[in-house]
Undergrad: 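Got a structure for you, questions after.
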Amino acid sequence: MVLDVNWTVKWLTLCAQAMAEHRVELIELDRAIGDSDHGENMDRGFQAVLDKLSDSPPETPGAALKLTAMTLMSKVGGAAGPLYGTAFLRAATSLGDSPEIAPAAWAGALTAARDGIVARGKAEPGDKTMVDAWTPAAEAASQAAADGSPDALTVLVAAAEAAEAGAVATDPLVARKGRASYLGERSAGHRDPGAASSALILRAAVKAAA
Amino acid sequence: MVLDVNWTVKWLTLCAQAMAEHRVELIELDRAIGDSDHGENMDRGFQAVLDKLSDSPPETPGAALKLTAMTLMSKVGGAAGPLYGTAFLRAATSLGDSPEIAPAAWAGALTAARDGIVARGKAEPGDKTMVDAWTPAAEAASQAAADGSPDALTVLVAAAEAAEAGAVATDPLVARKGRASYLGERSAGHRDPGAASSALILRAAVKAAA
Amino acid sequence: MKKLINDPKSVVDESVQGFGQAHADLVTVSADPTYITRKDAPVSGKVGLVSGGGSGHEPLHAGFVGRGMLDAAVPGAVFTSPTPDQILPATLAVNSGAGVVHIVKNYTGDVLNFETAGELAEAEGVNVRTVLVNDDVAVEDSLYTAGRRGVGGTVLVEKIAGAAAERGDGLDAVASIGERVNSNVRTMGVALTACTVPHAGSPSFDLAEDEIEIGIGIHGEPGRHRIAMENADGITDRLLEPVLTDLRITSGDKVLLFVNGMGGTPLSELYIVYRRAAQVLADRGVAVERSLVGNYITALEMQGCSISVLRLDDELTELWDAPVHTAALRWGV
Amino acid sequence: MKKLINDPKSVVDESVQGFGQAHADLVTVSADPTYITRKDAPVSGKVGLVSGGGSGHEPLHAGFVGRGMLDAAVPGAVFTSPTPDQILPATLAVNSGAGVVHIVKNYTGDVLNFETAGELAEAEGVNVRTVLVNDDVAVEDSLYTAGRRGVGGTVLVEKIAGAAAERGDGLDAVASIGERVNSNVRTMGVALTACTVPHAGSPSFDLAEDEIEIGIGIHGEPGRHRIAMENADGITDRLLEPVLTDLRITSGDKVLLFVNGMGGTPLSELYIVYRRAAQVLADRGVAVERSLVGNYITALEMQGCSISVLRLDDELTELWDAPVHTAALRWGV
Ligand SMILES: Nc1ncnc2c1ncn2[C@@H]1O[C@H](COP(=O)(O)OP(=O)(O)O)[C@@H](O)[C@H]1O
Ligand SMILES: Nc1ncnc2c1ncn2[C@@H]1O[C@H](COP(=O)(O)OP(=O)(O)O)[C@@H](O)[C@H]1O
Ligand SMILES: [Mg+2]
Ligand SMILES: [Mg+2]
Ligand SMILES: [Mg+2]
Ligand SMILES: [Mg+2]
C-alpha cells in the first residue's frame, strides 16, 4: 500500500463519509457536555472539503491536506475549526511536496498535527480534549514506524487504535479545556466529542488503505 | 325558612366557599374554551365579598347584594366581573330595603339579575353564556313562586335545579358570545364556565336555607 | 409549571413594581388600585391616552407609557381585564382637561369594564372617547357576534394615536386617527406551543409535537383550527394571505409590516418570518415602508407569532416616525 | 422540535436576510461570507468595532450594529463561532484607518477564530485590538483553565466601547474602555428549561419539572449544578450573591443592573427578578443608577435569565447614556 495523493483523497472522502454517518452521535456527545454542534460542524466542514477536492484536485498528499486545512478553517467554526485546521496545516507542512507518505513521514505528520493542536489550544493530555486522541496516536505511529521496516497499514492501524483508545479514555476525565470545562465535575462520565471525531478521522485513514 | 339578611350573608359566604372549592374546576372549564381565569376571578371576587361583609355588615338583603355587586365589579374583572356586578346590582335594586325576601321577590330578583346580564352582555339564550343558566333559573323561580303559596326553599331549589340543567345544556352549544366564540365550532362539547359558576351560586342559595 | 415568580397571586403586582423601579425616569406606578402613568402626567393641554387589559401581554401596555404614546396603562390580573376602579383613577390622573381616549381591545371583559369606567369619568366631567381595536382576521365576525379581537394592531394604534395626541390634536381628532389605524390594520397569529397562566398551573391547551394552532389570540386560547406543523414560509403564507385579502391590499399600496413574537419564540425566527412576508409583499408590488419585528404583544411564554399589516398614508407614516420614548418602543429622543 | 424555520441549515442565512431587510436603514448584510455592517461603514476617522460569535443569541450581535455601538457583527452557525474568512472581511470593511477593536466572548472557538482573523488583518495593515469578555462568575477560573465565559456583560461592553469609539477615542482608548467595562461587570445565569439547537433537534439537556440549572452559559450547555425549583426571589438571591461578592460591591457603589432574559421567559418575570435584585442592592446601600431589562443575549428559546451588575463611574455612565441607534438598543436619536 502506497500512501499517495489518491490514498489521501480517498482518506478525506472517507472522513467526510464518517462525519456524515456519525453526525448525530457527535452531536449527542457534544449535547451532553457542550453545545450540540460538533457533529454538525464536522459534517459541514468535510462536505466542503469534498467540494474543494473535486473543484481543484490536489497533486500531492501535502497539497490535499493543505486544502483540507484551509477549508476546515473557513467552514467548521467553533473550537474544532481552527484546531483541525491547524492540525491539517501542520501535517501538510511536515509532508512537504513529496508524492508519497512513508510510514515514518506519517508518524511525523501526526506528531506535527498534535503539536499544532497543542500550540493553538494549550491543552495538555488528560484535559479531556482531542489532544487525548492525537497524542497516543502520534506516539503509537512513531513507535510502529520505528519498529523495523513496517508497512504503511501497520502504522495507520496503530495510530487509529491508539486514537480510539484515547477517545474512550476521556470518558472518566473532568474537562479542563474547551466548553466542557464549564461543567466542572459534571463533565466526567462522557466522551469528549473532539476526541471521538479525531478517532473517526484516523480510522478513515486505515479504511482508505484497506 | 325566612330569607332575611342572615340568610343572605350565609348565602354569599357559601358562594365564596363554592368558588374556592370549584376554583380549579372553573379554571379547567375556561381553559378548554377560554383563557383559564374564570375560577381564579370568581374566587378572588367572592373572597373580597367576604372581607367586605365582615368589615361592614349589611342591614338588609338588598344592602348585602349591593355590597356584593360593587365588590365583584371592582375585584373580578374580565367579562364575569361587570356581568355578575350588574346582576347583583339589579337584584339588589329589585329587593329594595325590605328586611325579608318573599318567594315572589326572589323570583323577581333573579329575573332582574338575568335582565341585567342581558342588558350588559347582549347575549341571547343559546349563545352558550351564563344567560343559559340565569334564564331558566329565573323562569323556574317565577313559576314556582306563582304556584300556590310555595315556601322559600321550593323556589330556591327550583331556581338552582334549572340553573344546573341550563349549565349542562350549554355543553353541545357553539358559543356566539364571549371568548369561547372565537373558537367557532370547536367550542361545542364543553360547558360554559360562567353558566357553571352561576349554577354554583344558585345552589349555594339552597344550601344557605337548608 | 416553572416560572420566575414568587406567588401566582402576586405576579402582576411584583412585576409592575419592578417595572416601575426599572423605569422610574419614565413612569409612576400607583398601587391599590394598580395603574401606571407617564411621569409628567397630566401633560397640560394634551389629550390623555389610556389603555389596559389583562396582564401577560408584556410589554403591552405598561411598556408603551411615555412621551408620544400612552399616558396611562391599566393592568388587570393575568388575561383578565382590569376593573373600573382602576381605569377610572387612571383616566382622571391623565386628564389635563383636553379629554381622554380609551384604547380598548375588543374583548367582552375589556369593553364592559372600560365602558363603566368611561361613564364614571364622564360623570366626573371628563370627556372620554373610546377607540375599539379589532384587527384579528382569524375571527369571522359575521357568524360570531362577539366580533373580532384586538391583537397586534393595538400596538400600532397606541403608537400612532399617541403621536397625534403629542402633536396637539384634539380629542375627536386623536380618536379618529386611532380608528383610522384600526380600520387599516389586520392581524393573524399562530401558536407553536401553549402558554401557562400562573394561577392555572397547566398549559392553556395541549398540542402534539407535530401540530400548530392557526388563528390564535393573545390569551392562550386555542385557535380557529389545528393543522400539522409546516415550515416557516408555509406558516407565513397562511397568516399573511387572509390579512392581505381582508385589507384588500393591492399593488402600489404602502404598508408597515409588523412581525410580533408571542413571547417564547426567538427573535431569529421572527426575522425568518419577516423575510418571507417581505418577499411576498414585494412580489405583489406592495411597498414595505416601515417595519417592526419583536415581542410587543405577547401571550406569556407562548411560542408563535402574529403578522400585522398596516396600510400607510403620509400622515400615518409621519405619526409612526414621530418621537416616542417608552420602555419598549423608543426613537427620536 | 417546533420552530419557525424552513431548514436547520438555512436558519442563520434566512434570519440574517430578514434582519437586513427589516433594518435596511441601519445595516448592510453581506452574504458569502456572512457579516453585517453599519450602513455608513467605514465611518471616517472612527475606530471600528467588530463583534461576533455563534448565532442563537439574538439580538446579540447584529441587533447592536449601528451608530454608537458596533460597526460590524459576524454571525456563525448556531452556537458555533464564525470563521476567520468572515471576520477578516468584516474587519476590513469597517476599518477607516483608525484601527479595529474585536470584542470577543471568551470561548475557545471565538478566541481562536478571532485570533486568526486578527493576525490576517494585521498582515493587511489593519491595527487590531482585542477585548476579551469573561464576566461569568459561574465558572471558577482557577480550576478550569479555559477561564470564564463571556455572557451578559458583552452587551454592556459593546454599548460602552461603542460610545467611546463614536466620540472619537483612539484605538487603545476604546480597547481600554472595553476592558474597564469587562473588569467591572459580573454575571450569573439560570435556566428553567433547555433550548433546542435546530440542527440537533432535541433539547440541549433534560430537566425535570421541578429542577433548574444554576450557572448556565448562553449555549444551552448544562450549568454548574442542578437544584430544586425555587421562587423568583430565592433564585435572584442565588444569582446576585456571587456576582456582588466577586465584584466586591460595597455600600456607596453605583451600578447598572441588567436583568437579561434567555429568550423564552416573559418580560413580566424579568421584572419580578429585577424587583428583588433592586431591593437587595438598595438594602446594601448600593445605588442602581441605570438599568436594562429584556432579552438582549439569549440562548434560543431557553427559559431563564441572567443578572449582570456593572460598577459605574462617571465616565462609564456618560458613555452608557450616549446616543445609540441599533435595531435592539436605541436612545438619544
Ligand atoms: N483548548 C482546546 N484544545 C484542544 N481541543 C479542544 C480545546 N477546546 C476544545 N477542544 C476540542 O473541541 C471539541 C469541541 O468542538 P466543537 O463542538 O466543534 O466546538 P465548540 O466547543 O466551539 O462548540 C472538544 O470536544 C475538544 O475536543
Ligand atoms: N356577552 C356575554 N353575555 C353573557 N355572559 C357572557 C358574555 N361574555 C362572556 N360571558 C360569560 O363570562 C364567562 C367568562 O368569564 P371570565 O372567564 O371570568 O371572563 P373572560 O372571558 O373575560 O376571561 C363566560 O363563560 C360566559 O358565561
Ligand atoms: Mg460544540
Ligand atoms: Mg376567562
Ligand atoms: Mg380573562
Ligand atoms: Mg459551538
Undergrad: Counting only heavy atoms closer than 4.5 Å, note whether D:Ile235 contacts chain C via side chain, backbone, both or neither.
TA: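 It is the side chain, since no backbone atom gets that close.
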Undergrad: Given a strict heavy-atom distance threshold of 4.5 Å, which part of C:Leu192 is in contact with chain D: side chain, backbone, both, or neither?
TA: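 For C:Leu192, heavy atoms of backbone and side chain both lie under 4.5 Å from chain D.
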Undergrad: Which residue out of D:Glu230, D:Glu14, D:His23 racks up the most heavy-atom pairs below 4.5 Å with chain C?
TA: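 Ranked by contacts with chain C, first place is D:Glu14.
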Undergrad: Looking only at non-hydrogen atoms, find the nearest pair between D:Glu211 and C:Lys2 and report the distance.
TA: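 Closest pair (atom of D:Glu211, atom of C:Lys2, distance): O-NZ, 2.8 Å.
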Undergrad: So which part of D:Gln303 gets closer than 4.5 Å to some heavy atom of chain C, the side chain, the backbone, both or neither?
TA: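 Just its side chain gets close to chain C.
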Undergrad: So, D:Asn6 side chain and C:Asp233 main chain: donor-acceptor pair closer than 3.5 Å or not?
TA: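 Checking the backbone N and O of C:Asp233 against the side chain of D:Asn6, a donor-acceptor pair under 3.5 Å is found.
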Undergrad: Find out whether C:Leu4 and D:Ile272 are in side-chain contact, i.e. whether some heavy atom of one side chain is under 4.5 Å from a heavy atom of the other.
TA: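 Side-chain contact under 4.5 Å: no.
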Undergrad: If the contact rule is any heavy atom under 4.5 Å from chain C, which residues of residues 54-70 of chain D qualify, in numerical order?
TA: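 If one takes a 4.5 Å heavy-atom cut-off, the residues of residues 54-70 of chain D near chain C are D:Glu58, D:Pro59.
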Undergrad: Once rounded to the nearest 0.5 Å, what's the spacing between atom CH2 of C:Trp331 and atom NE2 of D:His325?
TA: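 Reported to 0.5 Å precision, the distance equals 9.5 Å.
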Undergrad: Can you tell which part of C:Val288 gets under 4.5 Å to a heavy atom of chain D, answering side chain, backbone, both or neither?
TA: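 For C:Val288, neither part sits under 4.5 Å from chain D.
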Undergrad: Anything in residues 293-301 of chain D with a heavy-atom distance to chain C below 4.5 Å? Please list those residues in order.
TA: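 When heavy atoms of chain C are the reference, residues 293-301 of chain D contributes D:Val293, D:Leu300, D:Glu301 within the under-4.5 Å range.
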Undergrad: Spell out the residues in residues 260-267 of chain D that have some non-hydrogen atom less than 4.5 Å away from a non-hydrogen atom of chain C, in order of number; otherwise answer 'none'.
TA: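 Counting heavy atoms that sit under 4.5 Å from chain C, the residues of residues 260-267 of chain D involved are D:Gly263, D:Gly264, D:Thr265, D:Pro266, D:Leu267.
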Undergrad: Between C:Ala22 and D:Ser291, which heavy-atom pair has the shortest distance, and what is it?
TA: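 Where C:Ala22 meets D:Ser291 most closely, the heavy atoms are O-OG, 2.9 Å.
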Undergrad: Which residues from residues 274-284 of chain C are near chain D, with near meaning under 4.5 Å between non-hydrogen atoms?
TA: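 Listed by number, the contacting residues are C:Tyr274, C:Arg275, C:Ala278.
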Undergrad: With a 4.5 Å cut-off on heavy-atom pairs, point out which of D:Ala328, D:Ser10, D:Ala232 contacts chain C the most.
TA: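 Winner by heavy-atom pair count: D:Ala232.
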